[in-house]
Structure formats: structure tokens, C-alpha cells
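Written below as C-alpha cells is the structure these notes are about.
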Amino acid sequence: MITKIFDIDQNNIDEDILKEAASLIKNGELVAFPTETVYGLGADGLNPEATKKIYQAKGRPSDNPLILHISNKTMLYNLSDNVNYEAKKLMELCWPGPLTMILKKSSVVPDTVSAGLDTVAIRMPKDKIALKLIELSNTPIAAPSANISGRPSPTRASDVLADMSGRIPMILDGGEADIGIESTVIDLSENIPTILRPGYYTYEYIRTILDNVKLDDALIDDKSIPKSPGQKYKHYAPKAKVEVYVGDKAYEKLLERASEYKNQGLKVGILAFEESIEKFNEYYNLSLGSKKDLTVMSHVLFTNLRKMDANAVDIIIAEGVEDINLGKSIMNRMKKSASGNVYYL
Ligand code: TXA
Ligand code: MG
């Protein structure tokens with residue numbers, strides 16, 4: 001299969017291209033599209049055969065459910081019969097945007113989407129191209145991140161192409177995803193609202209909206225089994241091994257480790273903050289932006305991990321951040337990409 005890529009300008013959307021994409025979706029095919037978080041791999045969310053193709057294209061385990069993306073709030077009421085008070089409150093403040101809500105599913109949601117669970121994940125993205133595509137497709141679009149399972153999520157169309165070339169018919173290129181890490185996932189199907197995956201909307205922020213909200217146990221200790229099936233798999237992993245160091249003097253440890261690895265004959269890649277990056281000139285290095293503005297780090301993290309692979313480094317040594325606010329969401333990804341090799345100094 002040849003994978004076609006089409007450029008689309010957010011501010012001047014060419015509807016003819018989106019109509020072609022929508023007709024692929026309606027015909028049960030896959031289309032990768034931009035969202036404000038990461039690129040999604042979309043299929044008609046009410047068509048079981050189409051959603052099966054997502055699992056095949058990604059190599060995704062069949063027990064890992066998909067998010068349904070909607071373009072207006074009324075679509076939600078078709079997908080869940082139990083839109084509770086918390087859901088209404090959250091969607092008022094966070095939609096359209098990077099928040100995914102887990103609710104009891106209605107009978108229209110295929111088992112291939114919910115992976116056999118009695119709940120469904122729903123999100124109304126903010127990206128104008130995504131919203132228009134859903135609207136023209138006239139169906140909720142099921143979409144996981146458009147990467148091969150286990151790889152870093154794609155934040156650029158070129159990242160999608162690297163993983164999906166020949167596997168899907170179309171990629172819509174809307175430029176770099178703004179946020180760069182996936183949506184916050186919150187489970188509202190049980191008594192206490194529970195954050196299963198932190199994202200741009202942080203635990204601290206959601207607590208200002210809901211009286212009672214907790215973090216999934218697996219986000220607090222490493223031994224608990226995550227409630228979100230997808231969170232238990234190896235994730236966000238570049239080909240190189242990753243080590244992360246956190247603390248004011250982390251860059252000193254990075255320098256020490258980098259020289260040890262270099263002496264072993266390995267090609268070292270460094271991910272460091274703007275404040276310390278110049279110390280790493282002798283290595284392949286990429287900046288994470290300033291420690292003072294973590295939105296840059298979230299924007300570049302996955303892209304930088306992919307650039308490290310493209311430069312064939314053997315080991316990636318990275319500076320991490322404290323586990324609070326957006327830092328918690330970023331470290332959730334870094335811990336997985338480093339298979340737990342995170343050290344607090
Ligand atoms: O920002 C995002 O959320 C992106 C864009 C494309 O919207 N999508 C995304 O999808 O990250 P995915 O499939 O890569 O991650 C969805 C996560 C997985 O960890 C999955 O297990 C979890 O949500 N999930 C989906 N349905 C669920 C359910 N019914 N119960 C618990 N977890 C669920
Ligand atoms: Mg994913």
C-alpha cells in the first residue's frame with residue numbers, strides 16, 4: 001500500500017482533502033491525523049472491522065482499548081448512557097482539549113474499541129483539522145497514537161510516516177503537535193474519579209475542578225497494576241537504552257556517565273535543559289528547553305527521542321524533572337521510556 005501525505009493548514013483548511021480523508025474513514029480505512037497532543041491513527045469508531053485494522057497496523061495488543069474522538073458534545077450521549085455530574089463539569093472546562101474521560105459505554109460501542117471492557121474512553125480534541133475530519137466523517141473516530149506499539153508517540157507527520165509507511169493509505173500533515181504528550185485520561189466510571197494517565201491537564205489542576213479525585217495506584221508506586229490496559233506495556237521506548245537523572249546537580253551526573261560510556265566506545269546522546277546544554281558540546285545533544293517552562297519539554301520530548309534513534313546513539317542520558325504539575329505527566333513518559341532507570345539525586 002502506498003501512503004499518501006497531504007499538507008493541511010490549520011488556519012486555512014482545504015476541505016477537499018479532508019473530504020477524501022473522511023471518505024476513507026467511512027469506507028473502513030485508516031487515516032493518520034494531527035491532534036493538539038500527538039498524531040492519531042483514525043478509523044470509524046463504530047465499525048468493528050475498521051477498528052481491527054488499527055490493532056494490525058500498530059501491532060497493538062488486542063486487550064488495549066481505543067479512545068473515541070468526537071467533534072461535539074452531543075455525540076457523547078450516544079456513546080455513554082451514564083454521563084455523570086463529574087463528566088459534565090470536566091467537559092465544560094476541558095473540552096475541546098487534551099482530556100479523555102472513561103465512562104460506562106452504551107450498546108453502540110463495538111467490543112473492538114473497548115477491548116471487551118464495559119467502559120469507553122472519549123475525547124473531544126481541540127485541533128481544528130481533527131474536529132473537521134470527525135465532523136465530515138459523521139462518526140466518532142477511534143484513534144490511538146499513530147506509532148508502532150511501544151515506540152514514542154508521533155508529534156510530526158514524518159514520525160507517523162517512519163512507523164506507518166506502507167501500512168495505511170493516508171497521513172494528514174498539520175505540522176507539529178502543540179502539546180507533544182498524550183491527553184490526560186480520567187476514569188469517571190467508578191465511585192472516585194481516578195486519573196489513569198496524567199497529561200497537559202495535571203492532577204493538581206483537575207483537583208481544582210473536582211472535589212474528590214485520586215491518582216491510579218500505579219502512578220504512585222511501581223508495583224501496582226495500572227487500571228488502563230495500555231499503561232502496563234513497554235512504552236515510548238527509543239531503540240537506545242535511556243537513563244534519567246533528576247535534581248539540581250543532575251547535569252554533573254550526566255557528564256560523569258557520558259564520559260564513562262564514551263570510554264566504553266559507545267555513542268552517547270544527551271537530553272539536557274537549556275541551562276546546562278552547552279556543557280555537552282562533545283556529545284550529540286538536544287535541548288529540552290528551559291527548566292522554567294516545561295511546556296517546551298513536553299513539546300519536544302518524543303521528537304527528541306526519535307531524533308536520538310535517527311542519529312543511531314547507543315545510550316541516551318537525560319535530565320528529568322520533579323514529579324509535580326506538568327512534570328508528573330512528563331516523568332510518567334520518561335520513566336517508561338527509560339524502563340524505570342530514573343535516579344533522584
Ligand atoms: O492524546 C491522546 O490521547 C492521543 C490522541 C491521538 O488523541 N491518543 C492516545 O491513545 O494516546 P492511546 O491509545 O495511545 O492511549 C490511550 C490510553 C491507553 O493507555 C488505553 O489503555 C487507555 O487510554 N484506555 C482506553 N480506553 C480505556 C478504558 N475503557 N479503560 C481504561 N483505559 C482505557
Ligand atoms: Mg499510545
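Ligands are counted one by one from 1 in listed order, and the atoms in each one are counted from 1 as well.
The side chain to side chain donor-acceptor pair (under 3.5 Å) search around Ser276 returns Glu319, not counting sequence neighbours.
Looking at Asp163 and Tyr39, their side chains never bring a donor and an acceptor atom within 3.5 Å of each other. Donor-acceptor pairing under 3.5 Å is lacking for the side chains of Lys105 and Thr119. With no hydrogens or angles considered, a side-chain donor-acceptor pair links Asp221 and Ser224 at under 3.5 Å. No side-chain N or O of Thr35 forms a donor-acceptor pair with one of Asp127 less than 3.5 Å apart. Residues Arg333 and Ser153 bring no donor and acceptor atom of their side chains to less than 3.5 Å of each other. Side-chain contact of Tyr261 with Glu243: a donor-acceptor pair under 3.5 Å is present, judged by distance alone. Using modelled atom types, one finds a donor on one side chain and an acceptor on the other under 3.5 Å when comparing Ser183 with Arg197. Counting only N and O atoms by type, the side chains of Glu182 and Ser145 include no donor and acceptor under 3.5 Å apart. Of the N and O atoms on the side chains of Asn72 and Thr74, at least one donor lies less than 3.5 Å from an acceptor on the other residue.
Within a radius of less than 2.8 Å around the Mg ion (ligand 2), the protein N, O or S atoms are Ser145 OG.
Counting only heavy atoms of the protein, atom 5 (C) of ligand 1 lies nearest to Thr37 OG1, 3.6 Å. Nearest protein neighbour of atom 28 (C) of ligand 1, counting heavy atoms only, is Ile102 CD1, 3.5 Å. The protein heavy atom nearest to atom 32 (N) of ligand 1 is Ser228 OG, 2.7 Å. Here the protein heavy atom with the shortest distance to atom 29 (N) of ligand 1 is Thr119 OG1, 3.0 Å.
Of the N or O atoms in Thr35, none lie within a sub-3.5 Å distance of an N or O in ligand 1. Looking at ligand 1, you'll find an N or O of Arg197 within less than 3.5 Å of one of its N or O atoms. Here's the thing with Ser183: one of its N/O atoms is less than 3.5 angstrom from an N/O atom of ligand 1. Of the N or O atoms in Ser145, one or more lie within a sub-3.5 Å distance of an N or O in ligand 1. Here's the thing with His69: one of its N/O atoms is less than 3.5 angstrom from an N/O atom of ligand 1.
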Show, in sequence, the C-alpha distance, side-chain angles and deciding distance for Thr303 and Thr155, and conclude whether the side-chain hydrogen bond (donor to acceptor under 3.5 Å, both in side chains) test is met. CA-CA 6 Å; Thr303 294; Thr155 58; 2.5 Å; yes
Quick one, Thr139 with Asp44, criterion side-chain hydrogen bond (donor to acceptor under 3.5 Å, both in side chains). Give me CA distance, side-chain angles, the key distance, then yes/no. CA-CA 6 Å; Thr139 183; Asp44 180 347; 2.7 Å; yes
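Taking a 4.0 Å cut-off on heavy atoms, Pro98 fails to register as neighbouring ligand 1. In this structure, Lys105 has no heavy atom closer than 4.0 Å to ligand 1.
Note on ring orientation: taking the six-membered ring where Trp is involved, the planes of Tyr205 and Tyr201 are parallel (angle under 30°, cut-offs 30° and 60°).
Contacts between Leu117 and ligand 1 below 4.0 angstrom, taking non-hydrogen atoms only, involve the side chain exclusively. At a 4.0 Å heavy-atom cut-off, ligand 1 does not touch His235 at all.
Below 4.0 Å from some heavy atom of Asn64 lie the following atoms of ligand 1, by number and element: 18 (C), 20 (C), 21 (O). The ligand atoms of ligand 1 that sit less than 4.0 angstrom from a heavy atom of Pro229 are 21 (O), 31 (C), 32 (N).
Comparing heavy-atom distances from atom 8 (N) of ligand 1 across Leu41, Ile67, Ile122 singles out Ile67 as nearest.
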